[in-house]
Protein chains: 2
Amino acid sequence: MSSKYDRVAADLRSKIRAGRFAPDTRLPAETDLARDYGVTVNTMRRALELLLQEGLIDKRQGAGNYVRQQRPPMVRTTERYQWEKDRVRLPADERRAAGATERDTGLNRDDLDFYAEYTQIPATAEIAAVFNVPEGTRLLRRVYHTRKRSERAPMGTGASYLVYDHIARNPDLLNAENEPWPGGTQHQLSTVGIEVGEIVDEVVARTPTPDEALVLDIPSGSAVLVLRKISIDTTGRVVEVADAIWPGSRIKLSYNTKLKAWN
Amino acid sequence: MSSKYDRVAADLRSKIRAGRFAPDTRLPAETDLARDYGVTVNTMRRALELLLQEGLIDKRQGAGNYVRQQRPPMVRTTERYQWEKDRVRLPADERRAAGATERDTGLNRDDLDFYAEYTQIPATAEIAAVFNVPEGTRLLRRVYHTRKRSERAPMGTGASYLVYDHIARNPDLLNAENEPWPGGTQHQLSTVGIEVGEIVDEVVARTPTPDEALVLDIPSGSAVLVLRKISIDTTGRVVEVADAIWPGSRIKLSYNTKLKAWN
DNA sequence: GAGTGGTCTAGACCACTGT
DNA sequence: CAGTGGTCTAGACCACTCC
């Protein structure tokens, strides 16, 4: 025997899926829905909570519950890394034309808002272990938000860590004013003689932290995809650790593995 | 001004993180916690709901709320694909020794329970598009659950699709009794003359469907990681589409990209 | 200011776990 | 069967959106 809120949710879910409520339209008020289904408002809210978690509806305080427009997620492929590396050696004006984010989203530079903040921090135990440096080593921490101009909440957020001593030779790299840097991190590293030879992506799914839920404007009971990118230079040294976080519904990662032929 | 349940959750969260409640121990009863924090039971439950979503606690009806033991997630790397391919040509007894799942988890064959179910279905529009075959084409659908013997709920679940006409030449491939097949899917395909040349992984994060939440025994407001593996043979034909689903907290995917040298 | 969702309370009853 | 979490009700008041 399933619960009342489960049955109410199932009914509403199927009605939405069947197109009985069009995308971007408002559902009846919670008090009305509750009356129609013969449950209290609290129980009705519990049912709507499930649909919210599934990404079927958006709740807007004071305005109503809206059927969510399903946007196709941005696709991020492995090839971007080689593409980024190849571009490092292009002239500056070509690099400036468009970055990797524009490539993934298919949007123009003008459609995107880019925010960066630099701070210097001592390495936590966790990050230090990845870099294989002592805890407390001076790091440059760069926090990013990427936002579509047309939207309030960012598409994604992230942080990148560099070892201060690796990059201090070029003071331009310490200044957030130079973001977005044409050519991206691989070009930045190239200005201090670092060539990236290998990149490891570690992918995890979890619910957002309270901070992330706030910044990304997503419910606490939704999913985020976390990508930790670890860049290793041609001498085997870890030169960048970057964590990128997207709402699960907005991103698809794609990885291509070529296998060696038998013959 | 944040809400009461937020503040209560934040306090409990920090106490758990600080080790004030050891892993696997029971928290005080909800009625007691509510009294201590000066809120009603309903509000207390709402705070606990947040910690549940974050994976900090487990709720067990009738027994209590338990601080969750953080298990290190299983790591699944790209190298598994080449490894699997290399094994196809080994003698049967060596292949039988251990499969890819055992390799990822570091567990023995005896610690794992493997369940497979085969059915034949007509291709849905969505799957047909990936295979690039007409909708309704006959497919073999193989549903899997992998479970640690010591646990009730499966570690992960998944479904694999093969085009019936590709594999019908070998009747052994149509029978779930032959699972787990030594050497895995790549070996199965090799018995009908198919050599896999390329594998594309598509990774997505979302909340579980009601079904998945039930089978995996996870809350509806948690995250699952979904991997769609698309295998392409050496002639460029899609030969397998497989969806694997894990609770987000139990899996980490790792992908290694080697970049071409500049010189 | 009317209408909407968000928070919180108080309390009843049910379902499950352990002893 | 005592104790625990799960469901549901009824109603008050607050915060926000939009006209």
Side-chain angles (χ1 to χ4, degrees), chain A residues 1-12 16 21 24-53 55-68 151-153 210 213-214 217-222, chain B residues 1-12 16 21 24-53 55-68 151-153 210 213-214 217-222:
Chain A
M1 178 55 182
S2 77
S3 41
K4 229 183 231 190
Y5 70 89
D6 253 346
R7 293 196 302 275
V8 171
D11 185 77
L12 248 185
I16 292 174
F21 299 103
D24 256 336
T25 59
R26 217 199 74 192
L27 293 180
E30 298 184 344
T31 45
D32 293 343
L33 282 172
R35 186 179 20 74
D36 294 349
Y37 280 111
V39 298
T40 59
V41 176
N42 272 343
T43 301
M44 191 64 229
R45 286 177 59 74
R46 186 145 182 202
L48 290 166
E49 191 64 30
L50 290 179
L51 304 190
L52 179 70
Q53 290 171 352
L56 249 60
I57 62 169
D58 269 331
K59 292 191 140 282
R60 305 189 203 151
Q61 168 157 186
N65 296 306
Y66 288 77
V67 176
R68 190 154 144 194
E151 296 175 2
R152 283 194 349 283
L214 209 65
D217 190 29
I218 52 177
S220 66
S222 65
Chain B
M1 178 56 182
S2 77
S3 42
K4 229 182 229 189
Y5 70 87
D6 253 346
R7 294 196 300 275
V8 170
D11 185 77
L12 247 185
I16 292 174
F21 298 102
D24 257 336
T25 59
R26 217 200 73 193
L27 293 180
E30 298 183 346
T31 45
D32 293 343
L33 283 172
R35 187 180 17 77
D36 295 349
Y37 279 111
V39 298
T40 59
V41 176
N42 272 343
T43 302
M44 191 65 228
R45 286 177 59 74
R46 185 144 183 203
L48 290 167
E49 192 64 30
L50 289 179
L51 304 191
L52 179 69
Q53 291 172 350
L56 250 61
I57 62 170
D58 269 330
K59 290 190 140 283
R60 304 188 204 153
Q61 169 158 188
N65 296 305
Y66 288 77
V67 176
R68 189 154 143 196
E151 296 176 2
R152 282 194 348 282
L214 211 63
D217 190 28
I218 53 176
S220 67
S222 65

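Because the structure is predicted, anything quoted here is derived from the model rather than measured.
Asp36(B) meets the salt bridge (Lys or Arg N to Asp or Glu O under 4.0 Å) test with no other residue; sequence neighbours excluded. Listed by chain and residue number, Arg60(A), Tyr66(A) satisfy the side-chain contact (heavy atoms from CB on, under 4.5 Å) test with Ala63(A) (two or more places apart in sequence, or in another chain). Residues passing the side-chain contact (heavy atoms from CB on, under 4.5 Å) test with Arg7(B), sequence neighbours excluded: Met1(B), Ser2(B), Lys4(B). Here Asp6(A) pairs with nothing under the salt bridge (Lys or Arg N to Asp or Glu O under 4.0 Å) rule; sequence neighbours left out. In this structure, the salt bridge (Lys or Arg N to Asp or Glu O under 4.0 Å) partners of Arg35(A), at least two apart in sequence or on a different chain, are Asp32(A).
The Arg46(B) side chain lies nearest to dT7(C) when the options are dT9(D), dG6(C), dT7(C). Counting only heavy atoms from C-beta on, Thr43(A) has its side chain closest to dT9(D) among dG5(C), dT17(C), dT9(D). For Thr40(A), the side-chain atoms get nearest to dA10(D) when compared with the rest of dC18(D), dA10(D), dT7(D). In this structure, the nucleotide among dT9(D), dT17(D), dT4(C) sitting nearest to the side chain of Ala29(A) is dT4(C).
Side-chain N/O atoms of Lys4(B) include none lying less than 4.0 angstrom from OP1 or OP2 on dG6(C). When the side-chain nitrogen and oxygen atoms of Arg60(A) are compared with OP1 and OP2 of dC16(D), none of them lie within a distance under 4.0 Å. Contact annotation: Tyr5(B) side-chain N/O to dC8(C) OP1/OP2 distance is not under 4.0 Å. For the pair Asn65(A) and dG5(C), the criterion of a side-chain N or O lying under 4.0 Å from OP1 or OP2 is met.
Following rounding to the nearest Å, Lys59(A) (NZ) and dT17(D) (P) show an atom-to-atom distance of 14 Å. Between Tyr66(B) atom OH and dC16(C) atom C1' there is a gap of 12 Å when expressed in whole angstrom units. Look at CG on Leu33(B): it is 15 Å from C1' on dG3(D), rounded to the nearest Å. Atoms CE (Met44(B)) and P (dA10(C)) sit 16 Å apart, rounded to a whole Å. For the pair Arg35(B) CZ and dC8(C) P, the computed distance is 20 Å after rounding to whole Å. Distance CD (Glu30(A)) to C1' (dA15(D)): 14 Å, rounded to an integer number of Å. Atom CG of Leu27(B) and atom C1' of dG3(D) are 16 Å apart (whole Å). Put simply, CZ on Arg45(A) is 16 Å from C1' on dT7(D), counting in whole angstrom units.
Each of Thr31(B) and Asp6(A) has a nearest nucleotide on DNA chain D; the 5'-most of these lies closest to Thr31(B).
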Nucleotide N/O of nucleotides 11-15 of chain C paired with protein N/O under 3.5 Å:
unit_1  : atom_1 : unit_2   : atom_2 : d
dG11(C) : O6     : Asn42(B) : ND2    : 3.4
dA15(C) : N3     : Gln61(B) : OE1    : 3.2

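Among the atoms of the strands shown, only primed sugar atoms or phosphate atoms (P, OP1, OP2) are found under 4.0 Å from some heavy atom of Val39(A).
Closest of all the heavy-atom pairs between Val67(A) and Phe21(A) is CG2-CB, 3.6 Å.
Direction change of the helix axis from one end of the helix from dG1(C)-dC18(D) to dG18(C)-dC1(D) to the other is 20°, with five pairs defining each end axis (rounded to 10°).
With values rounded to the nearest 0.5 angstrom, Asp24(B) atom CG is found 11.0 Å from Arg68(B) atom CZ.
Between Lys59(A) and Asn65(A), the closest side-chain pair of non-hydrogen atoms falls below 4.5 Å.
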With a 3.5 Å cut-off and sequence neighbours excluded, list the donor-acceptor pairs that the side chains of residues 41-52 of chain A form with protein atoms.
unit_1   : atom_1 : unit_2   : atom_2 : d
Thr43(A) : OG1    : Thr40(A) : OG1    : 3.2
Arg45(A) : NH1    : Glu30(A) : OE1    : 2.9
Arg45(A) : NH1    : Glu30(A) : OE2    : 3.3
Arg46(A) : NH2    : Tyr5(A)  : OH     : 3.2

